[in-house]
Novice: 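Please read through the structure below; I'll follow up with questions.
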Amino acid sequence: MHSGTIDVSSLAGSLDLQATLESGQSYLWRREDGRMYEDGEQTGGEAWYVTVVRPDESGEARLDAGEPAVVRVRQRGGLLEWESTVDAEAVVRSLLRLDDDLPAIRAATPPDSLIDAAYERYWGMRLVRDPPFGALISFICSAQMRVSRIHDMQVALAEAFGDTVDFDGRSYHAFPTPVQLAAASEAELRDLGLGYRAPYVQRSAEMVASGEAHPAEARDLSYEDAREYLTQFVGVGEKVADCVLLFSLDFLEAVPLDTWIRKTIAEYYPDCDRGNYADTSRAIRERLGGEYAGYAQTYVFHHLRNGGDD
DNA sequence: TAGATACCTTATAG
DNA sequence: ACTATAAGGTATC
């Protein structure tokens, strides 16, 4: 057992672990008490959250290659405790973007009462940096799906097709590798409740497994080229592509235009509605401050989804 | 190229 | 109890 603590009170901006992991950004963590997404606001204060990743030599968390490592974290006030099968401090810092300078990011956002309310309510929430393959598959699954069910689907995929890893007297399931998921049949995936997403997941996993394409390849491209690159995967349109760019590939300017943000645009920023995804995306990205527009988007999404404009 | 429609499954509203 | 509706959309025509 490796373990350690990170003093989050000394980070640039603090940390709200529950908001970070239960705001619909990542579907690759579980709560040890099994109450992920149950209560929305209250009960996750000191809960352990666990994930299984495959860190490479540089400490980057992947899912497509390497040995699986269990990593769990919990926040107690100004301390973030972690325990793992490996030395995981660098992985934790990367997965939770602990090096993001929240005050600087917020300062770069234009004054706006809705954004301010969201930032104040959830101050300390960070974007996540999910492993690219897991982000790709989980957001393919997200189409027309409730947040809690998207999460349940990823748990089901891991339990059905992923490797088992023992840690601290329990066994955990890694997210399936591209090869493991490509070997699943459409019928098996439908049995897990994926519905029409089943063939999308299988075929996109096959594209990665065969080497035809890899979501991480999009990192080297400009933002809009990267979004275009990702849409070659089956089940990936512009919105899902933006989610992968924002929550995995470090494109903090990406603003996924989902049903919540479209509603927000209609109500608060009607002049940004340009009738199509690409142009509306540019307009709202500018309105939310450009470089870190995705941060503002994520705060506003979480705020409104929890009844922020009541 | 822009617009309409079908699509799996489940939880919630009425 | 029972039906309609919506859920972090995409593929296809």
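Throughout, protein chains are lettered first and strands after them, A, B, ... in sequence-line order, and every chain is numbered starting at 1. Because only heavy atoms are used, hydrogens play no part in the values below, and waters and symmetry mates are left out as well, while side chains stay in.
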Novice: Please state how far atom NE2 in A:His151 lies from atom C1' in B:dT9, giving the value in whole angstrom units.
Specialist: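 Atom NE2 in A:His151 sits about 19 Å away from atom C1' in B:dT9.
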Novice: Suppose you measure atom P in B:dG3 against the same atom in C:dG8; what distance do you get, rounded to whole Å?
Specialist: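 Their P atoms lie roughly 26 Å apart.
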Novice: To check you understand the geometry: which heavy-atom pair defines the closest contact between A:Ser248 and A:Arg219, and what is its length?
Specialist: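 Here A:Ser248 and A:Arg219 meet closest at O-NH2, 3.9 Å.
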Novice: Please determine whether a side-chain nitrogen of the Lys or Arg among A:Asp152 and A:Arg149 lies less than 4.0 Å from a carboxylate oxygen of the Asp or Glu.
Specialist: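 Between A:Arg149 and A:Asp152 there is no salt bridge, as every charged N stays at least 4.0 Å from the carboxylate O atoms.
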Novice: Test A:Arg126 against A:Leu11 for side-chain contact (heavy atoms from CB on, under 4.5 Å), laying out the working first.
Specialist: CA-CA 12 Å; A:Arg126 288 164 185 274; A:Leu11 298 175; 3.9 Å; yes
Novice: For A:Ser210, give me all partners under side chain to side chain contact (heavy atoms under 4.5 Å, CB included), at least two apart in sequence or on another chain.
Specialist: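 Here the qualifying residues are A:Glu212.
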Novice: At a heavy-atom distance below 4.0 Å, what parts of residues 277-299 of chain A sit against DNA chain C?
Specialist: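 Heavy-atom contacts with DNA chain C come from A:Gln297.
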Novice: Using a heavy-atom cut-off of 4.0 Å across all strands, would you classify A:Ser23 as base, sugar-phosphate, or nothing?
Specialist: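 The residue A:Ser23 makes base contact.
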Novice: Per the salt bridge (Lys or Arg N to Asp or Glu O under 4.0 Å) rule, what does the pair list look like for residues 170-179 of chain A, sequence neighbours excluded?
Specialist: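 Counting only pairs at least two positions apart or across chains, the salt bridge (Lys or Arg N to Asp or Glu O under 4.0 Å) contacts touching residues 170-179 of chain A are A:Glu32-A:Arg170.
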Novice: Let's see if you get this right: which residues in residues 194-205 of chain A place a heavy atom under 4.0 Å from DNA chain C?
Specialist: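 Those residues are A:Tyr196, A:Tyr200.
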Novice: Please classify the nucleic acid contact of A:Phe139 as base, sugar-phosphate, or nothing, using heavy-atom distances under 4.0 Å.
Specialist: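 Result for A:Phe139 = nothing.
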Novice: Reading DNA chain C in the 5' to 3' direction, which nucleotide is the first one with an atom under 4.0 Å from a heavy atom of chain A, and which is the last?
Specialist: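 Taking any atom under 4.0 Å from a heavy atom of chain A, the span is C:dA6 to C:dA11.
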Novice: Any donor and acceptor pair, going by atom type alone, linking the side chain of A:Glu217 with main-chain N or O of A:Ala213 inside 3.5 Å?
Specialist: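 Not at all, since once roles are kept as given, no pair shorter than 3.5 Å links the two residues.
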Novice: If the test is side-chain contact (heavy atoms from CB on, under 4.5 Å), which one of A:Leu252, A:Thr109, A:Ile115 qualifies with A:Tyr295?
Specialist: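 So the option named by the test is A:Leu252.
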Novice: Can you list the residues that meet the side chain to side chain contact (heavy atoms under 4.5 Å, CB included) rule with A:Ser23, with sequence neighbours excluded?
Specialist: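 Counting only residues at least two positions away or on another chain, A:Ser23 forms a side chain to side chain contact (heavy atoms under 4.5 Å, CB included) with A:Gln25, A:Met125, A:His302.
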Novice: Taking only the side-chain nitrogens and oxygens of A:Arg190, find out if one of them lies under 4.0 Å from OP1 or OP2 of B:dC8.
Specialist: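 For B:dC8, OP1/OP2 do have a side-chain N/O of A:Arg190 under 4.0 Å.
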Novice: Can you check the distance between C:dT5 and B:dA6, where both ends of the measurement are the P atom (answer in whole Å)?
Specialist: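 One P to the other, the span is 15 Å.
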Novice: For A:Tyr196, what residues pass the side chain to side chain contact (heavy atoms under 4.5 Å, CB included) criterion, not counting sequence neighbours?
Specialist: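 Per chain and number, A:Tyr196 pairs via side chain to side chain contact (heavy atoms under 4.5 Å, CB included) with A:Ala143, A:Gln144, A:Tyr200.
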Novice: In terms of the angle between their ring planes, are A:Phe133 and A:Phe175 parallel, tilted or perpendicular, with boundaries placed at 30° and 60°?
Specialist: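 It falls in the perpendicular class, over 60°.
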Novice: Take atom CZ of A:Arg62 as the centre, draw a 6.0 Å sphere, and report whether it contains more than 12 heavy atoms from other residues, nucleotides or ligands.
Specialist: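 Result for CZ/A:Arg62: enclosed.
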Novice: May I ask you to check whether A:Tyr122 and A:Tyr299 place their ring centers less than 6.0 Å from one another?
Specialist: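 No, the ring centres sit 6.0 Å or more apart.
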Novice: Enumerate the salt bridge (Lys or Arg N to Asp or Glu O under 4.0 Å) contacts for residues 173-199 of chain A, please, sequence neighbours excluded, ordered by first and then second residue.
Specialist: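 Salt bridge (Lys or Arg N to Asp or Glu O under 4.0 Å) check on residues 173-199 of chain A returns A:Glu186-A:Arg190.
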Novice: For A:Ala226, which residues count as a side chain to side chain contact (heavy atoms under 4.5 Å, CB included) partner, sequence neighbours excluded?
Specialist: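 Only A:Ala218, A:Leu221, A:Leu245, A:Phe251 meet the side chain to side chain contact (heavy atoms under 4.5 Å, CB included) criterion with A:Ala226.
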Novice: Which residues in residues 227-237 of chain A have at least one heavy atom lying under 4.0 Å from any atom of DNA chain C?
Specialist: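 When residues 227-237 of chain A is checked for heavy atoms under 4.0 Å from DNA chain C, the hits, listed by number, are A:Phe233, A:Val234, A:Gly235, A:Val236, A:Gly237.
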Novice: To the nearest Å, give me how far apart CD (A:Gln144) and C1' (B:dA6) are.
Specialist: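 Atom CD in A:Gln144 sits about 12 Å away from atom C1' in B:dA6.
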Novice: Take A:Asp64 and A:Thr177 through the test side chain to side chain donor-acceptor pair (under 3.5 Å) and record every step on the way to the result.
Specialist: CA-CA 5 Å; A:Asp64 55 344; A:Thr177 63; over 6 Å; no
Novice: So what's the dot-bracket for DNA chain C: Watson-Crick or G-U pairs under 3.5 Å, [ ] if a pair crosses, | if it pairs off-strand?
Specialist: .||||||.|||||
Novice: Which pairs of donor and acceptor atoms, one on a side chain in residues 76-92 of chain A, lie under 3.5 Å apart (sequence neighbours left out)?
Specialist:
| from | atom 1 | to | atom 2 | distance (Å) |
| --- | --- | --- | --- | --- |
| A:Glu81 | OE1 | A:Arg74 | NE | 2.9 |
| A:Glu81 | OE1 | A:Arg74 | NH2 | 3.3 |
| A:Glu83 | OE1 | A:Arg72 | NE | 2.8 |
| A:Glu83 | OE1 | A:Arg72 | NH2 | 2.7 |
| A:Ser84 | OG | A:Val70 | O | 2.7 |
| A:Ser84 | OG | A:Val86 | N | 3.0 |
| A:Ser84 | OG | A:Val86 | O | 3.2 |
| A:Thr85 | OG1 | A:Val70 | N | 3.1 |

Novice: What nucleic acid atoms does A:Gln25 come within less than 4.0 Å of, heavy atoms only: base, sugar-phosphate, or nothing?
Specialist: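 Base, at least one base heavy atom under 4.0 Å.
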